[in-house]
Number of protein chains: 2
Amino acid sequence: MLSDTSLHHLDISHIRSSCASCSLRELCLPVGLNEQEVQVLGDVVSSKRKVQRGGYLHRTGTKFQSLFAIRSGFLKTCVLEQDGRQQVTGFHMTGELLGLDAISTDIHTCDAIALEDSEVCEIPFAKLEEISRTIPSLMRHFHKIMSREIVRDHGVMLLLGSMKAEERLASFLLNLSRRFLMRGYSESEFNLRMTREEIGSYLGLKLETVSRAFSKLQDENIITVDNKHIQINDLARLKIKMGNSSCVT
Amino acid sequence: MLSDTSLHHLDISHIRSSCASCSLRELCLPVGLNEQEVQVLGDVVSSKRKVQRGGYLHRTGTKFQSLFAIRSGFLKTCVLEQDGRQQVTGFHMTGELLGLDAISTDIHTCDAIALEDSEVCEIPFAKLEEISRTIPSLMRHFHKIMSREIVRDHGVMLLLGSMKAEERLASFLLNLSRRFLMRGYSESEFNLRMTREEIGSYLGLKLETVSRAFSKLQDENIITVDNKHIQINDLARLKIKMGNSSCVT
DNA sequence: TATCCATTTTGATTCAGATCAATCAAAGCA
DNA sequence: TGCTTTGATTGATCTGAATCAAAATGGATA
């Protein structure tokens with residue numbers, strides 16, 4: 001259902017970075033590059049930037065210059081309408097690439113806000129396009145990342161268009177679980193970085209509904225909730241929750 | 001709100017195509033290329049393909065080879081879950097590019113089905129990547145198209161996550177209206193190519209709700225509905241319908 | 001430590017949209 | 001020409017989530 005933008009499941013352990021300002025190893029871009037190519041890429045990834053919890057990485061309407069690769073931390077992206085309506089379009093963690101939406105018009109179409117102190121590498125997009133001409137595998141990889149974002153969004157559309165509250169939450173938790181696992185963390189126990197309201201915005205639900213769905217899953221002993229701390233007790237049953245509204249008793 | 005994938009609002013009238021099999025002029029790709037570059041691109045756009053109404057352009061799970069640029073006609077794309085749940089992810093018309101989701105894994109992640117007899121140009125993706133290395137403006141443009149698709153999807157997410165039935169339908173109609181206008185057709189009068197059920201699937205509503213929303217807008221004299229034929233009587237009021245659930249009486 | 005504010009949980013009530021069902025219209029076909 | 005199928009409309013009823021409201025919890029800070 002929900003997938004994500006990074007390619008961390010690919011093996012990048014063989015890559016050594018020679019970039020001074022920013023360890024390329026941790027980025028999602030250098031997959032499959034040789035030593036020399038990584039060096040070229042290193043020159044592109046110009047600078048490291050820190051964003052405090054609550055701070056903006058970029059704002060809607062501002063000029064687009066660079067993509068941002070998350071080195072550490074946790075961010076949300078959200079779009080807002082003129083009438084004040086707001087929607088969280090994604091939660092983003094280490095290794096993922098932000099700013100892809102802005103390529104279209106050279107203007108950022110969403111806000112990116114840190115949900116905890118975060119660190120990103122800035123990747124000037126013009127330079128990235130430039131060198132991707134000489135490194136086909138980099139270009140290829142970049143296209144896959146963009147495409148993956150489209151696939152992810154289609155998954156969210158399916159979720160928003162056809163799932164019930166509890167299914168949406170199950171889907172959301174399983175998505176987080178898998179992404180934590182891919183990064184070497186526990187898949188069954190983690191801390192949420194976002195509020196119930198932010199989860200609700202992402203899932204198209206009100207915060208009270210999110211809270212009730214948490215409580216319901218806890219009552220069924222599928223998860224244990226302690227405020228932001230989540231323990232998944234029964235991954236299998238959580239998966240069942242996600243995908244069978246139509247055939248459940 | 002809902003945007004689309006093409007770049008037809010850009011002026012491409014100066015472009016003359018020398019491609020035998022397929023008039024490039026109508027595609028979304030050759031924007032801003034010179035004569036010689038268009039010729040190079042022409043060699044890439046290998047073949048024209050017809051898809052009958054109801055026929056598949058591509059199916060979920062099949063190997064990805066090519067993007068498809070729509071020359072004429074109207075198609076829908078839809079994703080489906082193992083449990084049979086289905087969701088229309090988009091409606092696509094002349095000049096738009098299909099298949100972007102498949103770049104990610106080299107496998108199509110959605111079905112593309114013609115809603116009327118359609119014609120597409122097949123663009124082998126490997127070749128497109130190849131020549132985009134030598135034509136920077138083409139690469140640039142391709143990136144913008146992908147990014148635009150992401151922005152479009154975010155718009156749909158906002159719609160599905162926070163709009164009421166009537167607002168969703170208004171947004172949908174306005175989106176179609178604008179796209180018809182861009183292609184030189186009437187913005188106030190057109191025929192829908194899809195059923196109420198398909199509209200419902202796209203908008204996260206049941207077909208009865210779509211039908212009721214049509215009737216409601218008609219009762220208010222904002223549109224006139226005759227089965228698939230839609231006349232927009234008051235574009236301004238339709239726009240108001242779209243964006244003010246929170247502040248309306 | 002006490003206070004304040006944000007967040008979360010839970011309950012009661014309401015409502016928009018789903019569901020169930022009937023009717024109607026148009027299109028294809030024997 | 002009647003028959004069947006598909007799609008659209010409309011009505012009645014039901015239900016899941018929103019809304020309104022209150023209480024509980026937690027974290028930050030003076």
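Side chains included, hydrogens not; waters and symmetry mates left out as well; all remaining heavy atoms used. Order of the sequence lines fixes the chain letters, A, B, ..., with proteins taken first and strands second; residue numbering starts at 1 for each chain.
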Requested in this report: Describe the nucleic acid contact of A:Thr195 in one word from base, sugar-phosphate, nothing, applying a heavy-atom distance below 4.0 Å.
Outcome: sugar-phosphate
Query raised in the report: Mind checking whether A:Tyr185 and A:Phe180 have parallel, tilted or perpendicular rings, split at 30° and 60°?
Result: perpendicular
Query raised in the report: Atom CG of B:Leu207 to atom P of C:dT19: distance rounded to whole Å?
Result: 10 Å
Query raised in the report: Phosphate oxygens OP1/OP2 of D:dT10: is one of them under 4.0 Å from a side-chain N or O of B:Ser215?
Result: yes
**Report entry** Whole angstrom value for the distance that separates C1' of D:dG7 from CZ of B:Phe214
**Finding:** 13 Å
Query raised in the report: At under 4.0 Å, does any side-chain N or O of A:Lys228 touch on OP1 or OP2 of C:dT7?
Result: no
Query raised in the report: Within this structure, what is the CG-to-C1' distance between B:Leu217 and D:dA8, rounded to whole angstrom?
Result: 16 Å
Query raised in the report: How many angstroms lie between atom CD1 of A:Ile113 and atom CE of A:Met194, to the nearest 0.5 angstrom?
Result: 13.0 Å
Distances under 3.5 Å between protein N/O atoms and the N/O atoms of nucleotides 20-30 of chain D, please, pair by pair.
from: D:dC20; atom 1: N4; to: A:Glu208; atom 2: OE2; distance (Å): 3.3

Requested in this report: Could you tell me whether the side chains of A:Thr77 and A:His92 share a donor-acceptor contact shorter than 3.5 Å?
Outcome: yes
Report task. Specify the separation, in whole Å, of atom CD1 of A:Ile199 and atom C1' of C:dA6. Result -> 15 Å
So which protein N/O to nucleotides 15-17 of chain C N/O distances come out below 3.5 Å?
from: C:dG17; atom 1: OP1; to: B:Ala165; atom 2: N; distance (Å): 2.7

Query raised in the report: Charged N to carboxylate O under 4.0 angstrom, B:Arg183 versus B:Glu96?
Result: yes
Report task. Kindly write out the residues that satisfy side-chain hydrogen bond (donor to acceptor under 3.5 Å, both in side chains) with B:Lys206, not counting sequence neighbours, or none if the list is empty. Result -> none
**Report entry** Test: B:Glu198 and B:Lys76 ion pair at under 4.0 Å
**Finding:** yes
Report task. Verify the ring-centre separation between A:Phe91 and A:Tyr202: is it less than 6.0 angstrom? Result -> yes
Report task. Run the salt-bridge test on B:Glu167 and B:Lys164 with the 4.0 Å N-O cut-off and return the result as yes or no. Result -> no
Report summary line: Separation of D:dA18 atom P from A:Glu197 atom CD, nearest Å, is 13 Å
Query raised in the report: Between atom CZ in B:Arg196 and atom C1' in D:dT6, what is the gap in whole Å?
Result: 13 Å
Requested in this report: For A:Leu203 and D:dG16, give me the distance from atom CG to atom C1', rounded to whole Å.
Outcome: 16 Å
Query raised in the report: Within 45° of the axis and under 6.0 Å from the centre of the six-membered ring of A:Tyr56, does NZ or CZ of A:Arg59 qualify?
Result: yes
